Amino acid sequence: MGALRLPALTSIFTSSSVRSPPALKHRLRFPLRRPFSAQSTVQKAVATELGDGKAAKVVEKEKERVITPRYQDFNAWYLDVIANAELADYGPVRGTMVIRPYGYAIWEAIQDYLNVKFKETGHSNMYFPQFIPYSFIEKEASHVEGFSPELALVTVGGGKELEEKLVVRPTSETIVNHMFTQWIHSYRDLPLMINQWANVTRWEMRTKPFIRTLEFLWQEGHTAHATAEEAEKEAMQMIDVYIKFAYEQAAIPVIAGRKSRVETFAGASRTYTIEAMMGDRKALQAGTSHNLGQNFSRAFNTQFTDENGQRQHVWQTSWAISTRFVGGIIMTHGDDAGLLLPPRLAPVQVVIVPIWKKDNEKTGVLTASSSVKETLQAAGIKVKIDDTDQRTPGWKFNFYEMKGVPLRIEIGPRDVSSGTVVISRRDVPGKQGKVFGISMEPSSLVAYVIDKLNEVQSSLLERATTFRDSNIVDVYSYNELKEAIAQGKWARGPWSASDEEELKVKEETGATIRCFPFEQPEGPKKCLMTGKPADEVAIFAKSY
């Protein structure tokens, strides 16, 4: 398996949550910190109600790190996982977050894969300023209308009021076109294909870590072409890159398709999307590719001289994936024990836990553990040893399960004597996922570990696909659609109704058209809303 090279994982022993629901299986004791959940005031409340004497024992109990069961409160579970797995923390400005090293390492794994694919498809990385003149945003009418409620504006700089207010980058189509106009003159300058890794600011009113924050990280690709056909080919090529990434790296079985007119990106002619089903059955728009047509090139007068000497407007695309994909991985694969990471994106693929009781056993166990680590690292596997003696092996087992590490290797004195190790899979809990007597012989061990990592990767995709397919309902009338949405499922049915009727569905059910899937059933169809002929089926769902 081709392992991704990432910075070593460091300092993973601080975090918290103070949630104490019933029937919890995974409890770890940690220093109390302010969590993502809304129960950070529990210490004060207990102390006030019980007095200092009785409060001490209760507060000590509340210091246990716990994860709310998913079935009990999915949102609380999600926030607990982020806090306890040390993926992110709240920033000082409401609606912002600090991405911690472990969470950022997942984003780096995403970057590593996509960067290679972008360059293989002819794109170059560059960077544009995050401050954009407000007049640029105003040039494309639908674009400014779509983004105005989310804009963050700068009106003062250097202690003086600015002559023109600046927009903190919500997306870069406008400033990209301004520069493309200066760089593109002839057909020889085309295609122009670039990508940037950047931060984006959108003033969201309701935020959720990784999924929707005031500032987030993403890549945004921008291309200019001589013909409409080339632009369409590019837009489809990049959504295909995202599809393969979702399936092969993130083990998320997305459904790809075209957005409706109502849901199309502001300023685009067509938007293509990958839609993922989360563990609570809501949809997550995980990546988009836009065919911008000539909308922005006409607004900015981005032209080139063609082979016949005629001036033409360029045809453009833009496409993006953001840190919301990290949230998608959490909500697709995680369970009541915490994170469950696909091996190809995991910052640590294998954790080694040395086990000893007597001092005379320690040296032999640690020596064997180091040898195993070196063997696996030489094979390109991302591995970590936790040889600290401040925590028990059982504590470490739970901790790394909560961090979502795909495989755990245990090495004790008996294993050293027999030249074997014990290997446990994160995706198969308990004894069923534990195998004893795996040889330490390098070639055998490496082959076994790589095979198990591939099995975990495949298992996660298969499990997510089964869950997705069991929660999509084919509907043929509006009443059936409403019933499916009320049950929390996705509804798939023929659609040829108007934009107004699409908005009616959203108003009455809370569901939107996620996409018209690329894979369409054959045969005649009648619109579920109007009964008139329909060429396509659409997928409706509630979403993040």
Side-chain angles (χ1 to χ4, degrees), residues 118 121-128 132-133 135-148 150-151 167 169-185 187 189-198 200 202 218-243 256-274 285-304 306 311-322 499 515-516 518:
F118 294 161
T121 49
H123 305 87
S124 299
N125 284 332
M126 62 178 301
Y127 185 78
F128 291 88
I132 302 171
S135 58
F136 285 16
I137 303 292
E138 291 180 304
K139 284 189 177 183
E140 213 290 323
S142 61
H143 193 65
V144 68
E145 181 181 352
F147 276 100
S148 284
E150 300 176 351
L151 296 181
V167 175
R169 174 176 48 224
T171 183
S172 298
E173 280 77 9
T174 57
I175 193 168
V176 165
N177 265 273
H178 175 78
M179 300 310 300
F180 275 13
T181 299
Q182 300 179 44
W183 298 338
I184 297 171
H185 306 288
Y187 68 91
D189 300 321
L190 299 172
L192 181 53
M193 304 193 296
I194 60 94
N195 174 69
Q196 75 165 341
W197 295 92
V200 170
R202 296 179 185 176
W218 74 351
Q219 60 73 210
E220 53 176 321
H222 297 273
T223 67
H225 305 269
T227 67
E229 292 75 19
E230 289 177 15
E232 178 66 10
K233 183 179 178 181
E234 167 74 4
M236 293 298 292
Q237 173 182 248
M238 300 320 294
I239 203 67
D240 188 53
V241 168
Y242 292 159
I243 294 168
R258 188 189 77 256
K259 285 288 190 183
S260 67
R261 284 190 300 269
V262 171
E263 296 292 323
T264 293
F265 174 74
S269 297
R270 284 181 297 281
T271 289
Y272 303 112
T273 181
I274 52 173
Q285 179 179 288
T288 51
S289 179
H290 313 293
N291 184 332
L292 303 176
Q294 293 180 316
N295 296 331
F296 285 92
S297 66
R298 290 186 181 279
F300 283 81
N301 201 29
T302 312
Q303 294 182 300
F304 69 101
D306 66 16
R311 296 291 286 170
Q312 305 284 351
H313 289 94
V314 298
W315 301 82
Q316 293 179 260
T317 76
S318 65
W319 27 272
I321 270 182
S322 76
D499 294 351
C515 68
F516 293 92
F518 292 143

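The shown structure was predicted, so the numbers you read here are calculated from the model rather than taken from an experiment.
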Test item: [X] and [Y] side chains (from C-beta on) under 4.5 Å apart, heavy atoms:
{"X": "His123", "Y": "Met238", "result": "yes"}
{"X": "Val176", "Y": "Phe296", "result": "no"}
{"X": "Lys233", "Y": "His225", "result": "no"}
{"X": "Ile194", "Y": "Trp183", "result": "no"}
{"X": "Gln196", "Y": "Ser172", "result": "yes"}
{"X": "Ile239", "Y": "Ile274", "result": "yes"}
{"X": "Phe300", "Y": "Lys139", "result": "yes"}
{"X": "Met126", "Y": "Asn195", "result": "no"}

Classify the side-chain pair [X]/[Y] by whether it contains a donor and acceptor separated by less than 3.5 Å.
{"X": "Thr223", "Y": "Thr317", "answer": "yes"}
{"X": "Thr121", "Y": "Gln237", "answer": "no"}
{"X": "Thr181", "Y": "Thr302", "answer": "yes"}
{"X": "Ser318", "Y": "His222", "answer": "no"}

Quick one: [atom1] on [X] to [atom2] on [Y], what's the gap to the nearest 0.5 Å?
{"X": "Asn291", "Y": "Trp315", "atom1": "CG", "atom2": "CH2", "result": "8.5 Å"}
{"X": "His185", "Y": "Arg311", "atom1": "NE2", "atom2": "CZ", "result": "8.5 Å"}
{"X": "Phe516", "Y": "Thr273", "atom1": "CZ", "atom2": "OG1", "result": "13.0 Å"}
{"X": "Ile137", "Y": "Leu151", "atom1": "CD1", "atom2": "CG", "result": "6.0 Å"}
{"X": "Phe518", "Y": "Tyr272", "atom1": "CZ", "atom2": "OH", "result": "6.5 Å"}
{"X": "His290", "Y": "Trp319", "atom1": "NE2", "atom2": "CH2", "result": "11.5 Å"}

Non-neighbouring partners of Glu232 that pass salt bridge (Lys or Arg N to Asp or Glu O under 4.0 Å), sequence neighbours left out: Arg270

Ile184/Leu190 under side chain to side chain contact (heavy atoms under 4.5 Å, CB included): CA gap, chis, key distance, verdict: CA-CA 7 Å; Ile184 297 171; Leu190 299 172; 3.8 Å; yes

Just by modelled atom types, is the [Y] backbone N or O under 3.5 Å from a matching donor or acceptor in the [X] side chain?
{"X": "Arg169", "Y": "Ile175", "value": "no"}
{"X": "Asn295", "Y": "Gly267", "value": "yes"}
{"X": "Gln294", "Y": "His313", "value": "yes"}

Please name the pair of heavy atoms, one in [X] and one in [Y], separated by the smallest distance, quoted to 0.1 Å.
{"X": "Gln182", "Y": "His178", "answer": "NE2-NE2, 3.1 Å"}
{"X": "Ser289", "Y": "Ala235", "answer": "OG-O, 2.8 Å"}
{"X": "Gln316", "Y": "Asn177", "answer": "OE1-OD1, 2.8 Å"}
{"X": "Val200", "Y": "Pro170", "answer": "CG1-O, 2.9 Å"}

Phe118 and Tyr242 aromatic ring geometry - parallel, tilted or perpendicular at 30°/60° bounds: perpendicular

Candidate pair Glu263 and Thr271, rule side chain to side chain contact (heavy atoms under 4.5 Å, CB included), full reasoning: CA-CA 8 Å; Glu263 296 292 323; Thr271 289; over 6 Å; no

Stepwise side chain to side chain contact (heavy atoms under 4.5 Å, CB included) check, Phe128 with Glu220: CA-CA 11 Å; Phe128 291 88; Glu220 53 176 321; over 6 Å; no

